[in-house]
Amino acid sequence: MIKKLYKIVIVPYTVFLLYLMFFGMGRFQYEDNLITVEPVFSTIKFIQGANSWKDIVLIVIGNVVMFAPFGFLGWIFPKLIDLKSLLFTFIPAITIVEALQYFTRMGIFEVDDILLNTFGVYLGWLCCRYMEKRFSC
């Protein structure tokens, strides 16, 4: 039952997530193409300079949690059950999305986003494996 629901929900969820990445949360088109390639340190700087915990949770934790559902993609595409295959598919896909943000100037290409999003997929994959063992999904 849960796999059928997942198959129905993941497509509109993906569209919603793409909307957020390009147009949501007060986004606007930047004057210049922006890129942040300083892994981890840029997130640490963001956390240190954040105005509130809400900003930290929304941006940093959101970049992880919002991508956890993609850890379940093996339910739709059996080849993606394996973590290595899943990550080798996800990392180029999210890199393309980040590049589109850069080229359209509707966001910033950030290596940290790729790392945090991938970590979210990994956590989702762990959750999926746990659910399958525990509940026979």
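- We find the CZ-CG distance between Phe88 and Leu80 to be 12.5 Å, quoted to the nearest 0.5 Å.
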Does Leu100 form a side chain to side chain contact (heavy atoms under 4.5 Å, CB included) with Phe22? I'd like the steps, not just the answer.
CA-CA 9 Å; Leu100 286 170; Phe22 286 93; 3.7 Å; yes

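- Atom CD of residue Glu132 and atom SG of residue Cys127 lie 10.0 Å apart, to the nearest 0.5 angstrom.
- Taking hydrophobic clusters as Ile, Leu, Val, Met, Phe, Trp and Tyr residues chained together by side-chain heavy-atom distances below 4.5 Å, Ile94 shares a cluster with Val37.
- The two residues Gln101 and Ile108 make their nearest non-hydrogen contact at OE1-O, 3.6 Å.
- Asn117 CG to Met66 CE: the interatomic distance, rounded to the nearest 0.5 Å, is 10.0 Å.
- Note on Ile8: it does not cluster hydrophobically with Tyr6, by side-chain heavy-atom contacts below 4.5 Å among ILVMFWY residues.
- Both Ile10 and Ile2 are members of a single hydrophobic cluster when ILVMFWY side chains are connected at heavy-atom separations under 4.5 Å.
- Connection of Val60 to Leu58 is not established within any shared hydrophobic cluster, with ILVMFWY side chains joined at heavy-atom distances below 4.5 Å, either directly or through further cluster members.
- Of all non-hydrogen atoms in Ala50 and Asp55, the two that sit nearest each other are CB-CB, 4.4 Å.
- Note on Ile96 and Leu34: separate hydrophobic clusters, where clusters join Ile, Leu, Val, Met, Phe, Trp and Tyr whose side-chain heavy atoms are under 4.5 Å apart, directly or indirectly.
- Between Arg27 and Met106, the closest heavy-atom pair is CD-O, 3.3 Å.
- In this structure, the side chain of Asp112 engages the main chain of Thr43 through a donor-acceptor pair within 3.5 Å.
- When all heavy atoms are compared, the tightest approach of Ile114 to Glu98 is CG1-CG, 3.8 Å.
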Go through it in stages, so that I can follow the logic: the residues are Leu18 and Val97, the test is side chain to side chain contact (heavy atoms under 4.5 Å, CB included), and I'd like the CA-CA distance, side-chain angles, deciding distance and then a yes or no.
CA-CA 8 Å; Leu18 287 169; Val97 171; 4.1 Å; yes

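- Remark: Ile81 CD1 to Cys128 SG distance equals 5.5 Å, nearest 0.5 Å.
- Residues Met25 and Leu20 come closest through the heavy atom pair CG-CD2, 4.3 Å.
- Electrostatic pairing of Glu31 and Arg105 does not count as a salt bridge here, judged by no charged N lying under 4.0 Å from a carboxylate O.
- Not less than 6.0 angstrom separates the ring centroid of Phe70 from the ring centroid of Phe72.
- One finds the OG1 atom of Thr36 at 12.0 Å from the CZ atom of Phe46 (value rounded to the nearest 0.5 Å).
- Other residues, nucleotides and ligands contribute more than 12 heavy atoms inside 6.0 Å of the OH atom of Tyr30.
- Side-chain atoms of Asn63 never come within 3.5 Å of backbone atoms of Leu116 as a donor-acceptor pair (strictly under, hydrogens ignored).
- Rounding to the nearest 0.5 Å gives a distance of 9.5 Å between NZ of Lys3 and CE of Met131.
- Summarising the geometry of Phe119 relative to Val64, their closest heavy-atom pair is CD2-CG1, 3.8 Å, with the distance given to 0.1 Å.
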Test side chain to side chain contact (heavy atoms under 4.5 Å, CB included) on Leu126 and Tyr122 and set out the steps.
CA-CA 6 Å; Leu126 287 176; Tyr122 172 67; 3.4 Å; yes

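- Counting heavy atoms of neighbouring residues, nucleotides and ligands inside a 6.0 Å radius, atom CZ of Phe109 exceeds 12 of them.
- Using a 4.5 Å heavy-atom cutoff, the side chains of Leu73 and Trp125 are not in contact.
- Environment of OH in Tyr13: crowded, with over 12 heavy atoms of neighbouring residues, nucleotides or ligands closer than 6.0 Å.
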